Amino acid sequence: MENTERTYRQKTPKSAKIFARSQKLHVNGVHHNIRFFEPYPFVTRAASGKFLIDVDSNKYVDYWMGHWSLILGHAAAGVYESVREQLKQGWMYGTVNEQTMELSEKIASAVPVAEKIRYVTSGTEATMYAVRLARAVTGRKIVAKIDGGWHGYTSDLLKTVNWPFSKSESRGLTDERHIISLPYNDVEGSIEILKKARKDLAAVIIEPMLGGGGCIPARKDYLKAVQEYAKDNGAIFVLDEIVTGFRFRHGCMYATMGLDPDIVTLGKIVGGGFPIGVICAKDEIFKYADTKKFPKEGRAYIGGGTFSANPMSMTAGSRTLEILKRKKSIYSKLESLGRKTRNALTKVFDGKVVVTGTGSLFMTHFVADGTAQVQSAADAARCDTHLLQQFHFEMIAKDGIFFLPGKLGAFSDAHTDDDVKSLTASAEKFRQSL
Ligand SMILES: Cc1ncc(COP(=O)(O)O)c(C=O)c1O
């Protein structure tokens, strides 16, 4: 590791200098806590296709892909031209614009629950509003989330994100006692907890595939059982598809699982790499936010944000969805890259890892023995996360391959089979060094 750090420092002297400046100006030098890694993160100068290029001109094949928002790759052709044209027309209106209709029509035709749509500029805001809407509709307070579920940093939902899912994640949260938490993929355990909150249960919010919590797909029977309990007991079922929406198919993951959510949140891919969050809901839910039709008492305030529905995000998102729809082979290509990688990493590490994920997303968990299962964030937390970070850092320093250390990887349309080969070769090298 010492040797690896030396190699990294030698190849990133400009990054070291700039990051030292950043530490003087910014808390911990970063603006999203997870972007920091030891000894210091390299500083990116440019990005194109599958590559990040740092200020020392090192090139990295990127598997982080802008927090997984860039399914077509960096500065993708098509999106690039549309964004450039939009820039010429101005980039911030603060008024109604037609670009919004174009994105909304595309989302609405692919996501049936989107009878009405509201835009914000982050996934965090989208889940914050989803929870507020659910509370307004039901007149109840309690919201159930999942152990390890990450829905952004709202003062409501920033709870039970990290192991042991019982300590507060932050000072300054306002509403922790109204957030309860369920064990993922555990029907009995979850229903038992929900029963205790039944009368005041406003909503259950779940990712159909735990993203930040370990890249773990939910079991269909689990989601169905939780949805059924919520609906039978007058609560709102919210699916957070901010990572999964348009990631595996042209639409959401829920449609493939026979689910019928009341609210779905989207983000990342649907903004084409520009800031976005989306609340999609049925009319009967969204009417509670309608300032013209719904009486003020009991109405939910859903609709602020200087930059909401700004023409840049609308244009980039709309063009991205258009390309995803037109290029029919894209999802099978991404699925094939993901599958080959999961198989290859499993083989290389021979019983030392469980590789989770589906489609183009994958995460390597170093397990104590090959029989371990990784079906929840609790299982993921028991794995050797330090070793995963080491594996990722080795690749950054020596092979020009970038994963945010410890996080899952995402393929984009800019990646090819050659990337699977180089990743496999790097993994092989790392295994031999263990
Ligand atoms: C499932 C999920 N929900 C919400 C968010 C928050 O989105 P944002 O970072 O855009 O606020 C994220 C971010 O990674 C996420 O993975």
Side-chain angles (χ1 to χ4, degrees), residues 30-32 34-35 41 43-54 59-92 97 99-100 102-104 106-107 110 117 119-126 152 211-212 241-248 250-252 265-278 305 307-327 330-331 333-334 337 359-361 402-404 407-415:
V30 291
H31 299 276
H32 193 313
I34 62 176
R35 289 185 194 157
V43 175
T44 302
R45 174 170 57 77
S48 171
K50 64 185 177 188
F51 294 111
L52 283 177
I53 300 141
D54 72 15
K59 252 183 166 185
Y60 305 86
V61 175
D62 185 13
Y63 287 91
W64 178 227
M65 278 290 150
H67 294 238
W68 325 307
S69 67
L70 296 164
I71 195 165
L72 300 176
H74 291 282
V79 181
Y80 174 76
E81 287 76 16
S82 297
V83 163
R84 203 178 49 187
E85 283 312 301
Q86 181 55 50
L87 271 175
K88 290 187 201 155
Q89 309 299 323
W91 46 88
M92 169 58 191
N97 57 72
Q99 292 82 336
T100 307
E102 282 163 21
L103 178 56
S104 295
K106 290 185 179 95
I107 292 177
I117 290 169
Y119 293 107
V120 284
T121 40
S122 67
T124 300
E125 285 170 89
E241 295 237 19
I242 285 168
V243 171
T244 52
F246 293 87
R247 167 54 63 185
F248 309 118
H250 197 80
C252 284
T265 51
L266 297 173
K268 302 205 192 261
I269 289 173
V270 298
F274 282 73
I276 201 160
V278 193
F307 298 105
S308 44
N310 72 78
M312 298 312 298
S313 301
M314 299 297 105
T315 300
S318 175
R319 191 77 169 109
T320 299
L321 296 197
E322 187 190 316
I323 295 170
L324 287 173
K325 189 157 193 195
R326 191 166 32 80
K327 249 181 144 175
I330 197 166
Y331 286 112
K333 171 190 164 178
L334 292 175
L337 292 173
S360 50
L361 301 180
F402 180 65
F403 287 76
L404 194 68
K407 300 291 169 194
L408 57 141
F411 280 103
S412 76
D413 195 33
H415 292 86

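This one's a predicted model, so the numbers in the text were calculated from it and none came from an experiment. Counting begins at 1 with the first residue of the sequence.
- Applying the side-chain hydrogen bond (donor to acceptor under 3.5 Å, both in side chains) criterion to Ser412, with sequence neighbours excluded, gives His415.
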*Ile323 vs Ile330, side chain to side chain contact (heavy atoms under 4.5 Å, CB included): CA-CA, chis, key distance, verdict*: CA-CA 9 Å; Ile323 295 170; Ile330 197 166; 5.5 Å; no
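- Rounded to the nearest 0.5 angstrom, Met314 CE and Asn97 CG are separated by 7.5 Å.
- Nearest heavy atoms, Phe403 versus Gly409: CE2-CA, 3.6 Å.
- Put simply, the side chain of Gln99 never gets that close to the backbone of Leu103: no donor and acceptor are under 3.5 Å apart.
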*Going through the distances and angles, do Leu52 and Lys59 end up as a side chain to side chain contact (heavy atoms under 4.5 Å, CB included)?*
CA-CA 6 Å; Leu52 283 177; Lys59 252 183 166 185; over 6 Å; no
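- In this view, Lys333 and Asp413 satisfy the salt bridge (charged side-chain N to carboxylate O under 4.0 Å, His left out) rule, not counting sequence neighbours.
- Closest approach of His74 to Ser48, counting heavy atoms only: CB-N, 3.5 Å.
- Of all the heavy atoms in Ala316 and Gly271, the pair that sits closest is CB-O, 3.5 Å.
- Side-chain contact between Asp54 and Arg45 is absent, with no heavy atoms from C-beta onward closer than 4.5 Å.
- Of all heavy-atom pairs spanning Gly73 and Ala414, the tightest one is CA-CB, 4.2 Å.
- Side-chain contact between Ile276 and Phe307 is absent, with no heavy atoms from C-beta onward closer than 4.5 Å.
- Between Arg319 and Glu322 a salt bridge is recorded (basic side-chain N to carboxylate O distance below 4.0 Å).
- Residues Lys407 and Ile34 meet the side-chain proximity criterion, which asks for heavy atoms closer than 4.5 Å.
- Although no hydrogens or angles enter the test, the distance criterion places no donor-acceptor pair under 3.5 Å between the side chain of Ser318 and the main chain of Thr315.
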_The test is side chain to side chain contact (heavy atoms under 4.5 Å, CB included); show your working for Ile71 and Lys268 and say whether it passes._
CA-CA 9 Å; Ile71 195 165; Lys268 302 205 192 261; over 6 Å; no
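- Of all the heavy atoms in Pro311 and Gln86, the pair that sits closest is CB-NE2, 3.4 Å.
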*Under the side-chain hydrogen bond (donor to acceptor under 3.5 Å, both in side chains) rule, what do Glu85 and Ser82 come out as? Steps first, then yes or no, please.*
CA-CA 5 Å; Glu85 283 312 301; Ser82 297; over 6 Å; no
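- You'll find the side chain of Leu321 reaches within 4.5 Å of the side chain of Phe246, heavy atoms only.
- Leu70 contributes atom CG, which lies 8.5 Å from atom OG1 of Thr320 (distance to the nearest 0.5 angstrom).
- Ring-centre distance between Phe411 and Tyr63: below the 6.0 Å cut-off.
- In this structure the side chain of Tyr119 never reaches within 4.5 angstrom of the side chain of Ser313, judged on heavy atoms.
- More than 12 non-hydrogen atoms from other residues, nucleotides or ligands lie less than 6.0 angstrom from CZ of Phe51.
- Between Cys252 and Leu266 the shortest side-chain heavy-atom distance falls below 4.5 Å.
- For Lys50, the side-chain hydrogen bond (donor to acceptor under 3.5 Å, both in side chains) criterion is met by Asp419, not counting sequence neighbours.
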*Derivation of the side-chain hydrogen bond (donor to acceptor under 3.5 Å, both in side chains) call for Thr44 and Tyr60*: CA-CA 10 Å; Thr44 302; Tyr60 305 86; over 6 Å; no
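- Contact check for Arg35 versus His67: side-chain heavy atoms found under the 4.5 Å cut-off.
- When side chains are defined from C-beta on, Trp68 does not count as touching Ile269, because their heavy atoms never get closer than 4.5 Å.
- When each of Val120, Val278, Thr265 is paired with Glu125, the side chain to side chain contact (heavy atoms under 4.5 Å, CB included) condition holds for Val120 and for no other.
- The two residues Gly49 and Met65 make their nearest non-hydrogen contact at O-CE, 3.6 Å.
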